[in-house]
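Below is one structure, written out as structure tokens; the observations come after it.
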Amino acid sequence: MKNAILLLTVIIAISVSSCKKQVEEFNMIGTWHIDSYYENGADNTTVFKSVFVNYLITFNATGTYLETYTALGVDVTKGGPWELINDGDDLKLTNQVDSTIRYFHVIEIKASSSQVSEDNGNKEYHLLKN
């Protein structure tokens, strides 16, 4: 009986964990823009938006992303595969053009707003879904 209860507990824990990750992945799908940006705790949203003009990032259900913005009058497009890793705690973006990989810690993912950080939390991005 103890083994059956233990097995049932493990199955429920795995099921709850799997459902949580699926919901997070679903909520990432769509196009996002930067609502606010903080660096070392200071609000640098105005600077970010002046350097990365019209910044948008789109996460597709197929596991690819497309990032677009204008920097110094030049249109920039990056893209490639994306995935949530470490049980949904981190976001991994791989740029197919130059194979660079960026990692972001997921602070929160909701249906219409999300927060991620990078550089050991020194840079924090607050995103809103378009």
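For the numbers below, each heavy atom of this structure counts, side chains included, while hydrogens, waters and symmetry mates do not.
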Q) Do the non-hydrogen side-chain atoms of T77 and L66 ever get within less than 4.5 Å of each other? A)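 They are in contact (side-chain heavy atoms under 4.5 Å apart), so the answer is yes.
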
Q: Have a look at T31 and tell me which of N130, T58, N60 forms a side chain to side chain donor-acceptor pair (under 3.5 Å) with it.
A: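 The passing option is T58.
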
Q) What about V76 and V53, same hydrophobic cluster or not, with Ile/Leu/Val/Met/Phe/Trp/Tyr joined at side-chain heavy-atom distances under 4.5 Å? A)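 No; tracing contacts between hydrophobic side chains, which count when under 4.5 Å, never links both residues.
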
Q.
Please say yes or no: joined through hydrophobic side-chain contacts below 4.5 Å, possibly via intermediate residues, are V116 and L56 part of one cluster?
A.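 Each belongs to a different hydrophobic cluster.
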
Atom of [X], atom of [Y] and distance for their closest heavy-atom approach:
| X | Y | result |
| --- | --- | --- |
| G41 | Y38 | O-CD2, 4.0 Å |
| K49 | I34 | CE-O, 3.1 Å |
| S50 | V47 | OG-O, 2.9 Å |
| G30 | K129 | CA-CE, 4.5 Å |
| D35 | T45 | O-CG2, 3.6 Å |
| I107 | S117 | CD1-CB, 3.9 Å |

**Q.** Partner of L91 under side-chain contact (heavy atoms from CB on, under 4.5 Å), chosen from I109, N86, V106
**A.**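 Answer after filtering I109, N86, V106: V106.
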
(Q) Testing Y65, F59, W32 one by one against W82 for a ring-ring contact (aromatic ring centres under 6.0 Å, His included), which residue passes? (A)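 So the option named by the test is F59.
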
Q) Can we call the ring centroids of F48 and Y55 under 6.0 Å apart? A)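 Yes.
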
For residues 97-105, tabulate all N or O donor-acceptor pairs below 3.5 Å that involve a side-chain atom, not counting sequence neighbours.
unit_1	atom_1	unit_2	atom_2	d
D98	OD1	N95	ND2	3.3
D98	OD1	T100	N	3.1
D98	OD1	T100	OG1	2.9
R102	NH1	E67	OE2	3.4
R102	NH2	E67	OE1	2.5
R102	NH2	E67	OE2	3.3
H105	ND1	D89	O	3.2
H105	ND1	D90	OD1	3.3

